[in-house]
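A short write-up of the structure that comes next.
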Amino acid sequence: MYPDRTEFRETTFGAFGIMRFVVDDDIELIRVYEIVWAG
């Protein structure tokens, strides 16, 4: 998503799903801030 900010990530799931999240390696936390499912 943001080439200079590797903590912001995005993945797809199924045929119509997208999830965006932030990874904090220091405290080992994943924060999901957007899930989109069309179908």
Side-chain angles (χ1 to χ4, degrees):
M1 287 180 46
Y2 305 105
D4 58 334
R5 305 218 27 215
T6 59
E7 68 271 16
F8 286 92
R9 302 183 189 173
E10 178 179 285
T11 190
T12 59
F13 55 94
F16 305 105
I18 297 174
M19 180 174 66
R20 294 183 176 145
F21 55 98
V22 179
V23 176
D24 188 334
D25 288 325
D26 294 334
I27 60 173
E28 299 179 346
L29 180 71
I30 296 173
R31 292 177 295 173
V32 176
Y33 65 89
E34 184 174 23
I35 297 176
V36 177
W37 181 264

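For reference, positions follow the sequence shown, starting with 1.
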Legend entry - Nearest atoms (heavy-atom pairs only) where F21 meets T11: CE2-CG2, 4.0 Å
Legend entry - E34, CD atom: more than 12 neighbouring heavy atoms under 6.0 Å: yes
Legend entry - Heavy atoms from other residues, nucleotides or ligands near CZ of F16 exceed 12 (cutoff 6.0 Å): no
Inset, instruction - Indicate the ring-plane relationship of Y33 and F8, choosing parallel, tilted or perpendicular according to the 30° and 60° boundaries. - result: perpendicular
Legend entry - Which residues share a side chain to side chain contact (heavy atoms under 4.5 Å, CB included) with D26, sequence neighbours left out: D24
Legend entry - hydrophobic_cluster_shared for I35 and V23, side chain cutoff 4.5 Å: yes
Legend entry - Reported CE-to-OG1 distance for the pair M19 and T12, which is rounded to 0.5 angstrom: 10.0 Å
